[in-house]
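Remember, it's 1-based here, ligands and their atoms both numbered in the order they're listed. Basis for what follows: all heavy atoms, side chains included, without hydrogens, waters or symmetry-related copies.
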Amino acid sequence: MQKDFEDKVAVVTGAGSGIGVAIAHELAARGALVVTADLDERAAAAVSKAIANKGGRAKPFAVDVSDADAVARMVDFAVQTGGGLHLAVNNAGIGGPSAPLGEYPLDGWRQVIDVNLNGVFYGLRHQIPAMLESGGGAIVNMASILGSVGFANAGAYVAAKHAVVGMTKTAAMEYGDKGVRINAVGPGFVDTPLLSKNLDAETIGQLAALHPIGRIGRPEEVSALTCFLLSDRASFITGSYHLVDGAYTAR
Ligand code: NAP
């Protein structure tokens with residue numbers, strides 16, 4: 001694999017499971033020093049260890065992205081560990097309760113917005129200044145197909161992901177001429193614990209059928225797009241929302 005991230009320090013949230021694991025591994029394989037940040041401290045440590053076993057560089061960090069102070073500490077840790085911050089993926093996310101908006105539980109709403117929206121804001125709030133200090137950088141915010149279309153019984157998730165897309169566009173306008181590129185990625189349904197922990201096989205099969213490609217995605221397919229957007233090959237790409245969805249939204 002090309003070592004195009006050799007001099008880069010990266011932070012990936014939600015790096016202990018699913019899509020975040022794939023992104024952390026690809027960034028490290030391409031030469032980056034990766035901070036694997038997750039609510040699940042043991043999972044973050046296991047991913048760092050797996051990267052080190054393959055000859056890569058990674059350090060775990062326990063973080064709750066809905067806690068602004070904890071996110072600040074995560075960014076400080078990355079800067080102190082690697083001497084700067086150049087790449088960030090705000091990927092941690094949760095599904096939240098399943099209910100129509102007229103009955104949506106208020107505590108569930110607040111939790112989804114706290115993690116999936118506020119968590120991304122706290123990331124940007126601390127990563128951008130660190131990248132400006134480090135001579136520039138690139139950020140990917142993990143949205144979803146549900147950043148552009150609705151989905152019944154997932155109102156909080158859909159609202160948060162739409163907001164992440166808008167926040168991404170705004171941040172890119174603010175920092176494009178200062179050397180920080182910011183994009184959003186919109187995966188279709190992907191084979192991760194987020195799905196397998198919450199849905200039975202029959203439901204996952206029904207979701208797969210909604211993708212004209214005929215299946216759900218793999219974490220590595222989301223990582224490939226994310227790492228491209230973080231790379232210098234995407235030097236004119238900022239402020240945009242990129243789908244990796246097996247034509248889900250083309251229907
Ligand atoms: P996942 O397998 O559940 O992984 C998410 C990771 O984030 C878990 O390790 C989780 O820890 C962690 N996390 C949860 N809340 C956190 C918090 N407050 N602070 C820090 N870490 C936290 O999910 P995934 O499918 O890889 O999803 C990753 C991202 O892709 C999410 O933003 C999700 O919305 C988005 N996405 C997923 C799909 C899909 O179909 N899988 C589709 C579109 C978009 P715990 O396990 O301890 O909770």
Below 3.5 angstrom, do we get any N/O pair linking [X] and ligand 1?
X	value
Gly14	no
Val115	no
Ser144	no
Val65	yes
Asn116	no
Ser66	no

Where is the nearest protein heavy atom to [atom]: which residue, which atom, and how far?
atom	value
atom 18 (N) of ligand 1	Asp64 OD1, 2.9 Å
atom 1 (P) of ligand 1	Ser17 OG, 3.5 Å
atom 39 (C) of ligand 1	Val190 N, 3.5 Å
atom 48 (O) of ligand 1	Leu39 CD2, 4.5 Å
atom 33 (C) of ligand 1	Tyr157 OH, 3.5 Å
atom 43 (C) of ligand 1	Pro187 O, 3.4 Å
atom 24 (P) of ligand 1	Thr192 OG1, 3.5 Å
atom 32 (O) of ligand 1	Asn91 O, 2.8 Å

Does the side chain to side chain donor-acceptor pair (under 3.5 Å) test come out yes or no for Ser148 and Tyr241, once each step is laid out?
CA-CA 9 Å; Ser148 61; Tyr241 163 62; 3.1 Å; yes

Strictly distance-based, threshold 3.5 Å: is any side-chain N or O of [X] a donor or acceptor partner for the main-chain N or O of [Y]?
X	Y	result
Arg57	Gly31	yes
Arg181	Leu229	yes
Thr13	Ala92	yes

Looking at [X], which atoms of ligand 1 are within less than 4.0 Å of one of its heavy atoms?
X	result
Pro193	2 (O)
Gly188	40 (O), 42 (C), 43 (C)
Ile94	14 (C), 15 (N)
Gly18	2 (O), 26 (O)
Met142	29 (C), 30 (O), 35 (C)
Lys197	46 (O)
Ile19	26 (O), 30 (O), 37 (C)
Val63	19 (N), 20 (C)

Would you check if there is a donor-acceptor pair between the side chains of [Y] and [X] at a distance under 3.5 Å?
X	Y	value
Asp232	Ser235	no
Ser66	Asn118	no
Asn183	Ser240	yes

Could you pull out, from [options], the option with a heavy atom nearest to [atom]?
atom	options	answer
atom 6 (C) of ligand 1	Ile216, Asp38, Ile23, Val112	Asp38
atom 27 (O) of ligand 1	Asp40, Leu194, Asn90	Leu194
atom 44 (C) of ligand 1	Gly93, Ala22, Ala143	Ala143

Within a strict 4.5 Å, meaning less than it, do heavy atoms of the [X] and [Y] side chains meet?
X	Y	result
Thr36	Phe61	no
Val222	Met142	yes
Cys227	Arg30	yes
Asn141	Leu124	yes

Have a look at ligand 1 and work out which part of Ala15, if any, has a heavy atom under 4.0 Å from it: side chain, backbone, both or neither.
neither

Any idea which part of Ile145 is under 4.0 Å from ligand 1, heavy-atom wise: side chain, backbone, both or neither?
neither

Test the Arg251-Tyr248 pair against the cation-pi criterion, namely NZ or CZ under 6.0 angstrom from the six-membered ring centroid and within 45° of the ring axis.
yes

For Glu41, look at atom CD and say whether over 12 heavy atoms of other residues, nucleotides or ligands are found less than 6.0 Å away.
no

Whether over 12 other heavy atoms sit under 6.0 Å from Asn198 CG
yes

Under the side-chain contact (heavy atoms from CB on, under 4.5 Å) test, residues paired with Asp191 that sit two or more places apart:
Ile216

Contacts of Ala154 meeting side-chain contact (heavy atoms from CB on, under 4.5 Å) (sequence neighbours excluded), chain-then-number -> Phe151, Tyr157, Val158

